[in-house]
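Just follow the structure's listing: the first ligand is 1, and inside any ligand the first atom is 1. Computed from a prediction, not measured in an experiment: that's the story for all the values here.
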Amino acid sequence: MDPMSDVITVPIALDARSYDVVIGRGLLDQAGARIAALKPKGVLHVATDATVADLHLENFVASCEAAGLRAVPHVLPPGEASKSWRFYEELSERVLAAGVERGSMLVALGGGVIGDLAGFVAATMLRGIDVVQVPTTLLAQVDSSVGGKVAIDTRAGKNLVGAFWQPRLVLADLGVLDSLPLRELRAGWAEIAKYGLIDDPDFFAWCEQNGEAALAGDDKLRAHAVAHSVRAKARVVAADERESSGVRALLNLGHTFGHALEASLGFGGALLHGEAVAIGCCLAFDLSVRLGLAPAEDAQRVRRHFARLGLPTEPPPGVGDAAMLVELMGSDKKVADGRIVFVLARGIGRAFVARDIDPADVRALLSDALTA
Ligand code: NAD
Ligand code: GLY
């Protein structure tokens with residue numbers, strides 16, 4: 001069988017910064033040849049985390065060696081804490097020590113944490129070297145590896161220091177998802193369903209019908225979910241690469257609430273990013289219903305879908321009070337002219353950016369959610 005036959009390629013059209021997202025099973029084995037075709041200079045730097053290294057680094061390095069590339073791994077601790085100044089410095093120094101030149105390349109082999117961190121190191125290394133994203137979580141395959149947003153977290157909040165730095169190539173191997181824990185798979189699903197909630201009600205209905213089977217391991221359904229999500233993201237990124245026209249901001253559905261919940265818990269893994277997005281989407285629909293914008297049954301559908309897949313739909317204990325959460329939203333990136341920007345919806349598939357929301361309405365919603 002032609003190993004390339006089940007591969008789906010989604011082009012990201014950005015003029016000189018265009019690249020392909022390649023999706024399929026077994027891509028790790030082809031990674032070396034596909035990366036060698038980009039002609040990286042010197043050693044190939046590979047950033048990964050310890051968990052991914054144990055599971056997939058050997059295969060990846062073997063495929064690089066078979067293609068004549070000398071891969072130098074830089075293994076970092078797993079978890080959001082690696083998206084920090086400390087590990088930005090650590091990875092930068094390791095890359096410099098191992099040898100780097102303008103034509104060098106850094107590969108991000110891992111989830112969104114490694115992708116965002118390595119992408120930011122690549123963006124600033126020698127004022128910019130190439131990065132290839134090899135996402136190993138569902139979340140990273142459908143969202144974070146595509147579109148060039150790279151960042152680290154700071155004391156003041158999440159993703160506050162970063163850049164737009166498009167990869168040269170994204171290789172999403174569906175096979176690596178076999179080792180991903182169910183909780184992480186579910187968290188990735190939140191970002192998949194989000195594309196339906198934004199502007200694609202038919203895809204949300206497809207998610208409702210197929211989500212359980214896809215998470216249970218059906219490869220064809222997974223491939224469809226990943227490819228459909230990447231195509232949706234490709235359209236948004238091509239239309240608004242730097243989030244300047246408001247189109248890309250729609251991808252932040254669920255994130256204003258979600259980031260505040262994550263920040264209140266200290267990014268320690270108590271709440272995964274995708275879980276926070278699931279809760280955030282539920283709250284964004286609740287707020288839309290309260291403001292008379294969306295039908296109540298649509299908010300119920302959103303909550304029912306996430307709950308059926310085992311995702312949380314309400315803020316967990318320990319997130320603090322409503323006033324504190326609204327204050328955290330105020331220090332997020334999603335603030336314009338001093339006002340918190342929300343993505344709300346007129347119904348499933350009808351999301352829009354709202355800049356005039358009264359914080360008192362948000363506090364009231366959160367108070368009720370926290371005491372329910
Ligand atoms: P992650 O990178 O922390 O990965 C989750 C866990 O899964 C880690 O413990 C990791 O070691 C493990 N893991 C990864 N691949 C594995 C595999 N194949 N098998 C077994 N274990 C594996 O988290 P994530 O959910 O992938 O990414 C979350 C991050 O992505 C957040 O920091 C978020 O801000 C960021 N993000 C960025 C964007 C963007 O556009 N840049 C978009 C969405 C999210
Ligand atoms: N994940 C949000 C974005 O890429 O814009």
Trainee: What residue pairs, at least two apart or across chains, pass ring pair (Phe, Tyr, Trp, His ring centres under 6.0 Å) with a residue in residues 201-223?
Mentor: F203-W206, F203-H228, F204-H305, W206-H224
Trainee: Do Q30 and D173 have side-chain atoms, one donor and one acceptor, less than 3.5 Å apart?
Mentor: no
Trainee: Would you mind listing which atoms of ligand 2 come within a distance below 4.0 Å of any non-hydrogen atom of K149?
Mentor: 2 (C), 3 (C), 4 (O), 5 (O)
Trainee: Please check if the number of heavy atoms outside R183 that lie under 6.0 Å from its CZ is greater than 12.
Mentor: yes
Trainee: List by chain and number: which residues place a heavy atom under 4.0 Å from ligand 1?
Mentor: D49, T51, V52, L55, H56, P78, E80, K83, G111, G112, V113, D116, T136, T137, L139, D143, S144, K149, K158, N159, V176, S179, L180, P181, E184, E191, K233, H273
Trainee: Would you tell me whether H273 and E80 have side-chain atoms, one donor and one acceptor, within less than 3.5 Å of each other?
Mentor: no
Trainee: Which residue holds the protein heavy atom closest to atom 1 (N) of ligand 2, what is that atom called, and what is the gap in Å?
Mentor: D143 OD1, 3.1 Å
Trainee: Checking the N or O distance criterion of under 3.5 Å, is ligand 2 in contact with H255?
Mentor: no
Trainee: Decide whether an N or O pair under 3.5 Å exists between K233 and ligand 2.
Mentor: yes
Trainee: Output the list of atoms in ligand 2 that are nearer than 4.0 Å to some heavy atom of R248, sorted by atom number.
Mentor: 3 (C), 4 (O), 5 (O)
Trainee: Between atom CD1 of I12 and atom CZ of R231, what is the distance when rounded to the nearest 0.5 Å?
Mentor: 10.5 Å
Trainee: Pairing donors with acceptors under 3.5 angstrom, does anything connect the side chains of N159 and K149?
Mentor: no
Trainee: Can you find a side-chain donor-acceptor pair between S179 and H56 that sits under 3.5 Å?
Mentor: yes
